Amino acid sequence: MLGLLVVAAVVMTAVLFEYKDKLYTEISQTLSADSADEITEEIGIQEDPEAYIIDENDLISDEQEAVLQQYAYRYAQTLAFLEIQDISDLYSDKESEAYYLNKIALDVIVTVRKMASKDMTLEECTVTYNVADAYSYGGKTYISILEDNTQKFRFLDVLTQNFIIQHEFVLEQQDNNWYIKSHAHEEDFYLLAEEAWEQFRGTAEEKAAKVMDAIIADTEENIVWAKENYLNKTEEKTAAYTNYDREAAVEYAKEWVGERNYTGVYLAYDPFGGNCQNFASQCLHAGGLAMDYNGYNQWKFYSKTLNGYATPSGRSYSWTGVEPFFDYCYHNTSGGIVAHTDWGVAFTQKGDVIQVGAMGQWRHSVFVIDVIYDENGYAEEIILASNTADRINYPLSAYIYTAPRLIHIVGQN
């Protein structure tokens, strides 16, 4: 029995990545130069969010689709209004850990975004679930979803888009009706809640309360830390070459935000912990920063094989890893990238890298495609593009990982 499940899971994963590649292609075609400009235009107010299920290959029944549509709609309401939505009627077991984990993850969105200094509610929200694969076994149906969504934050004049966000639903029948048995969601708020969940003991309800308390406490600490470090600035570094083309780097980010670049030697690292820093490194390279293979501290990607030798071959951890890239920039004092790693985010520019963290860990690298400055010339809001999850025009304020650190690019030696 276990062997059958393993085989099914492997096949499902292969189908999922094939479907992802198809969606990446469609998204890249949609995000043409013209449409990239269009999504920066202000749009009208929409009072009620929308949710859609797209099942091109008829992989699930109408009844199963109705359950997913209801969940997607309530999720969209959560994002739009920052009001906790009741999902208990969609679950087969309302006392299960699976239900409480899903519930608390949605509660995290509401709670953390309400703690932000800006109004994080939405004028518009549309959530689309693309059914990538589904199979049935043991009376349950296992469904892989890839979500696209659009969000219009009230405080921004641009439309935020998110692509290819992975979900895994397990549905089961009770009294001839379909219900959710479990749900996993590859996004910051769910991953943070899931990780915290494993740290506590007790009933599902008790664990949910402990998770929320821990995330609230961490968010409060992060907000204080971010305010204290906002204006940090040390002596400005100099670089031999300061011709880093920020606009070219931003254009690369916009081109590849909904797709993966397999041209040349590049690869995608979504199956290996995420493609975020790989994407950020590619953006920097597209802006003219040369790979650095000299000495011990390197930043390079010539092939997928790790290689610490001072040769133009292999790759370094710093190209694809969040912490290793920061360490490279922090310790690099000779050739290669020159960057400030101790400046506050007030001094962010287009073409910089921001890393975000929570619960004592730096978790994600994002690329800066625009900055909104206040009357003093300090960054008031930072607009981002990223991979895993794929986002464009995403405000830094929206991240559930609420500790930001800036890697400000000066140039290279």
Side-chain angles (χ1 to χ4, degrees), residues 162 164-166 186-196 215 218-219 221-222 225-226 229 249 252-253 256-257 260-261 266-287 289 291-292 296-301 304 306-308 314-332 336-345 348 351-369 382-392 394-396 398-409:
N162 303 272
I164 322 295
I165 300 169
Q166 189 170 338
E186 289 288 324
E187 202 164 1
D188 51 4
F189 64 90
Y190 187 93
L191 296 173
L192 196 63
E194 183 180 43
E195 181 181 299
I215 291 176
D218 181 68
T219 302
E221 290 179 8
N222 291 341
W225 179 87
N229 290 276
Y252 182 94
W256 292 101
V257 70
R260 296 297 178 265
N261 187 354
Y266 284 155
L267 297 171
Y269 281 78
D270 301 84
F272 308 105
N275 202 58
C276 64
Q277 181 55 53
N278 184 37
F279 172 72
S281 289
Q282 289 177 15
C283 293
L284 296 173
H285 189 50
L289 296 183
M291 296 184 191
D292 176 14
Y296 175 76
N297 200 31
Q298 301 178 7
W299 176 71
K300 64 181 182 179
F301 195 106
K304 66 180 180 180
L306 283 168
N307 183 341
R315 70 174 173 93
S316 61
Y317 280 115
S318 60
W319 188 277
T320 55
V322 174
E323 285 276 17
F325 179 71
F326 180 88
D327 290 342
Y328 164 79
C329 292
Y330 178 81
H331 292 290
N332 200 43
I337 294 176
V338 178
H340 287 285
T341 57
D342 52 359
W343 283 15
V345 296
T348 304
D352 286 340
V353 175
I354 296 280
Q355 294 186 337
V356 288
M359 306 294 281
Q361 181 180 340
W362 297 103
R363 299 170 178 272
H364 189 41
S365 291
V366 291
F367 193 76
V368 180
I369 61 171
I382 299 166
I383 311 301
L384 306 163
S386 69
N387 276 186
T388 324
D390 284 49
R391 311 185 193 275
I392 190 166
Y394 198 83
L396 179 61
Y399 268 101
I400 304 303
Y401 302 151
T402 48
R405 66 181 178 187
L406 170 65
I407 301 174
H408 172 61
I409 306 300

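Quantities reported herein were computed from a predicted structural model and do not represent experimental measurements.
Shown are Val353, Leu406, Ile383, Leu384; of these, the side-chain contact (heavy atoms from CB on, under 4.5 Å) with Val368 is made only by Leu384.
For the atom pair Asn275 CG and Thr388 OG1, the distance stands at 5.0 Å (nearest 0.5 Å). Between Cys329 atom SG and Ile409 atom CD1 the span is 5.5 Å, to the nearest 0.5 Å. Rounding to the nearest 0.5 Å places CD1 of Ile400 at 15.0 Å from OH of Tyr190. A distance of 3.5 Å separates OG1 in Thr348 from CD1 in Ile382, rounded to the nearest 0.5 Å. Between the CG atom in Leu284 and the CH2 atom in Trp319 there is a gap of 8.0 Å [rounded to 0.5 Å]. Annotation: the span from Ile392 atom CD1 to Ser386 atom OG amounts to 10.0 Å, rounded to 0.5 Å.
Taking both residues in full, the closest heavy atoms of Gly336 and Asp292 are given as CA-OD2, 3.5 Å, listed atom of the first, atom of the second, then distance. Taking both residues in full, the closest heavy atoms of Gly357 and Asn222 are given as O-ND2, 4.0 Å, listed atom of the first, atom of the second, then distance. Pro404 approaches Ala226 most closely through the heavy-atom pair CD-CB, 3.9 Å.
Ring pair Tyr252/Trp256 is tilted by interplanar angle, where 30° to 60° counts as tilted. Below 30°, between 30° and 60°, or above 60°: for Trp299 and Phe325 the angle between ring planes is between 30° and 60°, a tilted geometry.
Side-chain atoms of Gln355 come within 3.5 Å of backbone N or O of Val322 as a donor-acceptor pair. One N or O on the side chain of Asn229 and one on the backbone of Trp225 form a donor-acceptor pair closer than 3.5 Å. For the pair Tyr328 (side chain) and Ile337 (backbone), a donor-acceptor distance under 3.5 Å is present. Looking only at distances, a side-chain donor or acceptor of Lys300 sits under 3.5 Å from a matching main-chain atom of Asn307. Checked by atom type and distance alone, the side chain of Asn278 never pairs as donor or acceptor with a backbone atom of Cys276 at under 3.5 Å. A distance-only check finds a donor-acceptor pair linking the side chain of Arg315 to the backbone of Lys304 [under 3.5 Å]. Judged purely by atom type and a 3.5 angstrom limit, Ser318 uses its side chain to pair as donor or acceptor with the backbone of Gln298. Under the 3.5 Å distance criterion, the side-chain polar atoms of Asp218 are left unmatched by any main-chain donor or acceptor of Ala358.
Heavy-atom neighbours of Tyr266 OH from other residues, nucleotides or ligands within 6.0 Å: above the threshold of 12.
Ring to ring, Tyr399 and His364 are close: their centroids are under 6.0 angstrom apart.
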Quiz item: After noting the C-alpha distance and the side-chain angles of Gln277 and Thr320, does the key distance pass the side chain to side chain donor-acceptor pair (under 3.5 Å) rule?
Solution: CA-CA 5 Å; Gln277 181 55 53; Thr320 55; over 6 Å; no

Quiz item: For His331 and Thr341, what are the C-alpha separation, side-chain angles and deciding distance, and is it a side-chain contact (heavy atoms from CB on, under 4.5 Å)?
Solution: CA-CA 10 Å; His331 292 290; Thr341 57; over 6 Å; no

Quiz item: Yes or no on side-chain contact (heavy atoms from CB on, under 4.5 Å) for Ile164 and Asp270, after CA distance, side-chain angles and deciding distance?
Solution: CA-CA 11 Å; Ile164 322 295; Asp270 301 84; over 6 Å; no

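Tyr401 has its side chain out of reach of Val366: every pair of non-hydrogen atoms, C-beta onward, lies at least 4.5 Å apart. The shortest distance between side-chain heavy atoms of Phe301 and Leu267 falls below 4.5 Å.
Here Phe189 pairs with His185 under the ring pair (Phe, Tyr, Trp, His ring centres under 6.0 Å) rule; sequence neighbours left out.
Among residue pairs with one or both ends in residues 318-329, those qualifying as salt bridge (charged side-chain N to carboxylate O under 4.0 Å, His left out) are Glu323-Arg405; sequence neighbours excluded.
Using a cut-off of 4.0 Å between Lys/Arg side-chain N and Asp/Glu carboxylate O, Asp188 and Arg363 are scored as not salt-bridged.
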